[in-house]
Enquirer: 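My questions will all concern the structure given below.
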Amino acid sequence: MGRDKGLYFIVVGVEENYVYLVDGSVRKIDKPKKKKKKHIEITNFYDENIATRVKNNHKITNQDIKRALKEVLKEN
C-alpha cells in the first residue's frame with residue numbers, strides 16, 4: 001500500500017503486528033522497513049535459501065535479497 005505499492009520486498013523479521021521488509025537496494029538488510037501486517041500483500045513466493053538463513057540467524061547479504069527478488073520478478 002502507499003508509496004511502496006507494486007514493489008516487492010522480502011520479510012526478514014516478524015513481530016506481533018509488524019513485519020520487517022528489505023529489497024536489497026533502497027531498503028537494505030541493515031535497515032529494514034517496519035510495516036504493519038495489514039498494510040502488506042503476501043505473495044506465494046518463498047526462497048528456501050533466505051528462509052534457512054533467517055531461521056538459523058545466519059548473515060543475509062543485500063546481494064542474496066536482490067537475487068531472490070530477481071527470481072520472483074522473472075516468474076511474474
Side-chain angles (χ1 to χ4, degrees):
M1 292 184 144
R3 73 184 99 192
D4 296 326
K5 186 176 183 176
L7 300 178
Y8 287 84
F9 295 90
I10 292 181
V11 176
V12 293
V14 179
E15 288 182 357
E16 186 176 333
N17 294 316
Y18 294 94
V19 293
Y20 292 90
L21 307 172
V22 296
D23 68 0
S25 297
V26 176
R27 282 292 170 182
K28 299 192 183 221
I29 196 73
D30 58 337
K31 188 157 172 123
K33 181 170 192 148
K34 185 177 180 181
K35 277 292 243 197
K36 286 189 176 185
K37 288 180 180 178
K38 68 180 182 178
H39 290 158
I40 64 170
E41 181 180 337
I42 304 295
T43 65
N44 292 327
F45 176 72
Y46 179 84
D47 186 87
E48 187 64 41
N49 182 37
I50 300 289
T52 301
R53 288 174 177 235
V54 168
K55 288 177 191 172
N56 295 323
N57 292 322
H58 290 124
K59 184 176 180 176
I60 301 169
T61 67
N62 290 313
Q63 286 302 103
D64 294 331
I65 299 295
K66 288 179 193 178
R67 179 199 47 78
L69 286 174
K70 187 175 183 180
E71 288 298 315
V72 75
L73 294 174
K74 197 184 307 183
E75 293 174 9
N76 288 336

Enquirer: Looking only at heavy atoms, which two atoms of Ile65 and Ile50 are closest? And how far apart?
Expert: CD1-CD1, 4.0 Å
Enquirer: May I ask whether Tyr46 and Ile42 are part of the same hydrophobic cluster, defined by side-chain heavy atoms of I, L, V, M, F, W, Y residues being less than 4.5 angstrom apart, directly or through others?
Expert: no
Enquirer: Looking only at non-hydrogen atoms, find the nearest pair between Ala68 and Ile10 and report the distance.
Expert: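 Closest approach of Ala68 to Ile10, heavy atoms only: CB-CD1, 3.6 Å.
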Enquirer: Holding to side chain to side chain donor-acceptor pair (under 3.5 Å), I want the full list of residues that pass it with Thr43, two or more places apart in sequence or in another chain.
Expert: none
Enquirer: So, using side chain to side chain donor-acceptor pair (under 3.5 Å) as the criterion, who are the partners of Asn49 when residues are at least two apart?
Expert: Arg53
Enquirer: Among all residues two or more places apart in sequence or in another chain, which pass the salt bridge (charged side-chain N to carboxylate O under 4.0 Å, His left out) test with Lys33?
Expert: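 So Lys33 forms a salt bridge (charged side-chain N to carboxylate O under 4.0 Å, His left out) with Asp4.
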Enquirer: Would you please name every residue forming a side chain to side chain donor-acceptor pair (under 3.5 Å) with Thr52, sequence neighbours left out?
Expert: Glu48
Enquirer: Going by salt bridge (charged side-chain N to carboxylate O under 4.0 Å, His left out), name the residues that satisfy it together with Asp47, two or more places apart in sequence or in a different chain.
Expert: Arg67
Enquirer: Under the rule for side-chain contact (heavy atoms from CB on, under 4.5 Å), what residues qualify as partners of Lys31, not counting sequence neighbours?
Expert: Arg27
Enquirer: Taking only residues two or more places apart in sequence or in another chain, which ones pass side chain to side chain donor-acceptor pair (under 3.5 Å) with Glu41?
Expert: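 For Glu41 there are no side chain to side chain donor-acceptor pair (under 3.5 Å) partners, ignoring immediate neighbours.
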Enquirer: Go through the structure and list residues passing side-chain contact (heavy atoms from CB on, under 4.5 Å) with Val26, not counting sequence neighbours.
Expert: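 For Val26, the residues satisfying side-chain contact (heavy atoms from CB on, under 4.5 Å) (neighbours in sequence not counted) are Asp23.
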Enquirer: Ignoring hydrogens, what is the shortest heavy-atom contact between Val12 and Pro32? Give both atom names and the distance.
Expert: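 Distance-wise, the nearest heavy atoms are CG2-CB, 4.3 Å.
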Enquirer: My understanding is that only residues two or more places apart in sequence, or in another chain, count here; which of them pass side-chain contact (heavy atoms from CB on, under 4.5 Å) with Val19?
Expert: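 Val19 satisfies side-chain contact (heavy atoms from CB on, under 4.5 Å) with Val11, Val14, Leu21, Lys35, Lys37, Ile40 once adjacent residues are dropped.
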Enquirer: Got a sec, which residues hit side-chain contact (heavy atoms from CB on, under 4.5 Å) with Gln63, two or more places apart in sequence or on another chain?
Expert: Thr61, Lys66
